[in-house]
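Just so you know, ligand 1 is whichever comes first in the structure, and atom 1 is the first atom listed for that ligand. Just the heavy atoms: all of them, side chains too, but no hydrogens, waters or symmetry mates, feed the values below.
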Amino acid sequence: MKKLIAGNWKMNGDSASNAELLAGIVAGLPGLDACDVLVCPPSVYVASAVTALAGQPVVYVASAVTALAGQSVAVGGQDVSVQVKGAYTGEVSADMLRDVGATYAIVGHSERRQYHGETDALVGEKAQAALAHGITPVVCIGETLAQREAGETNAVVKRQLAAVIHAVGHCVSELVLAYEPVWAIGTGQTATPEQAQAVHAVIRAQIAAATEHPERVRILYGGSMNAANATQLLAQPDIDGGLIGGASLKVADFLTIIRAAQG
Ligand code: 13P
């Protein structure tokens with residue numbers, strides 16, 4: 001299975017900087033088609049990112065034609081509503097994401113859990129809503145520093161994942177998961193490859209108990225993954241890609257991580 005390198009832009013960027021970032025990524029992609037690439041801009045920029053990526057050949061003649069022939073960049077949202085439509089001010093539905101050309105949505109990011117009170121159950125429902133409407137959820141799970149120090153890492157991750165497995169039923173093999181230890185997000189304090197692999201193995205085992213095709217589920221690592229540490233992390237047997245925050249906003253760093261995922 002191809003690795004997946006995903007950029008979570010969080011609440012960063014504007015029209016001009018997004019265009020520059022996307023153009024830089026596409027221009028650097030030719031030859032790097034051994035992994036899948038995804039960018040997740042803020043929701044207001046999802047449509048323009050899809051358009052910019054689809055329109056690349058006009059702007060970047062030779063390199064972009066090659067890029068589009070061998071490699072394309074998928075676009076995703078950073079969240080999705082559990083609701084289909086209606087009076088839910090501020091929400092964005094999976095249908096809307098799909099309508100503008102997105103194919104993925106991050107679900108249950110720790111920043112959503114922390115700042116927006118998203119519970120394990122809600123995250124499971126969001127994953128289910130995404131799948132039901134043709135959007136692949138990238139479901140984030142991970143422990144806080146206090147939980148790790150209390151020896152609760154595996155229990156927390158298993159609890160968070162159990163809620164998702166419960167909600168999506170027989171669709172478990174269609175999930176993408178991201179193990180993001182909260183203490184590693186935006187801190188520069190990356191989990192060591194061994195720490196990450198240990199949790200990824202726990203996640204894989206739990207997936208294996210829920211689906212006949214655990215190998216189809218990509219388990220990404222996220223949390224201060226960068227150009228310097230990506231190779232070692234991505235070499236771990238159960239790390240199937242990365243969900244990258246800060247480093248996904250820098251063309252050179254993001255391309256270096258994509259290069260590291262070529263295997
Ligand atoms: P950083 O790569 O900035 O640590 O962010 C990781 C993350 O939260 C990706 O979703």
State the atoms of ligand 1, each with its element, that fall below the 4.0 Å cut-off from a heavy-atom position in [X].
X      : result
Ser224 : 1 (P), 2 (O), 4 (O)
Gly223 : 4 (O), 6 (C)
Ala184 : 4 (O)

When you look for heavy atoms under 4.0 Å from ligand 1, do you find them on the side chain of Asn8, its backbone, both, or neither?
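Contact part for Asn8 vs ligand 1: side chain (C-beta onward).
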Any idea which part of Ser248 is under 4.0 Å from ligand 1, heavy-atom wise: side chain, backbone, both or neither?
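Answer for Ser248: neither.
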Would you mind listing every salt bridge (charged side-chain N to carboxylate O under 4.0 Å, His left out) that reaches into residues 158-180, with sequence neighbours excluded?
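Residue pairs passing salt bridge (charged side-chain N to carboxylate O under 4.0 Å, His left out), neighbours aside: Asp120-Arg159.
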Using the salt bridge (charged side-chain N to carboxylate O under 4.0 Å, His left out) rule, collect all pairs that involve residues 182-205, keeping only residues at least two apart or in two chains.
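The answer is Arg204-Asp238, Arg204-Asp240.
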Identify the closest protein heavy atom to [atom]: which residue and atom is it, and at what distance?
atom                   : answer
atom 5 (O) of ligand 1 : Lys10 NZ, 3.3 Å
atom 3 (O) of ligand 1 : Gly246 N, 2.9 Å
atom 9 (C) of ligand 1 : Glu180 OE2, 2.9 Å

If we count only N and O atoms by modelled type, under 3.5 Å, do the side chains of Trp9 and Gln78 hold a donor and an acceptor together?
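No.
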Have Tyr179 and Glu143 got a donor and an acceptor in their side chains that come within less than 3.5 Å?
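Result is yes, a qualifying pair exists.
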Would you say ligand 1 has an N or O under 3.5 Å from any N or O of Gly245?
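Looking only at distances, the answer is yes, because the N/O contact criterion of under 3.5 Å is met.
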Within-cut-off N or O pair, Ala247 and ligand 1, under 3.5 Å:
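Ala247 vs ligand 1: no N/O contact under 3.5 Å.
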Is a side-chain donor or acceptor of Thr211 paired with a backbone partner of Ile207 at a separation under 3.5 angstrom?
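Here the side-chain-to-backbone pair does not exist.
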In terms of side-chain geometry, is the basic nitrogen of Lys85 or Asp95 positioned less than 4.0 Å from the acidic oxygen of its partner?
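Salt bridge between Lys85 and Asp95, a charged N being under 4.0 Å from a carboxylate O: no.
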Pair Arg113 + Glu118: basic N to acidic O under 4.0 Å
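No salt bridge links Arg113 with Glu118.
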Evaluation steps, side-chain contact (heavy atoms from CB on, under 4.5 Å), between Asp79 and Val92:
CA-CA 8 Å; Asp79 182 31; Val92 173; over 6 Å; no
Between ligand 1 and Ala178, can you find any atom pair, the residue atom being a heavy atom, that is separated by under 4.0 Å?
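In this structure, Ala178 fails to qualify as a contact of ligand 1 - no heavy atom is under 4.0 Å.
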Only heavy atoms count here, so choose which of Gln78, Gln189, His109, Met225 is nearest to atom 8 (O) of ligand 1.
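Residue with the shortest heavy-atom distance to the ligand atom: His109.
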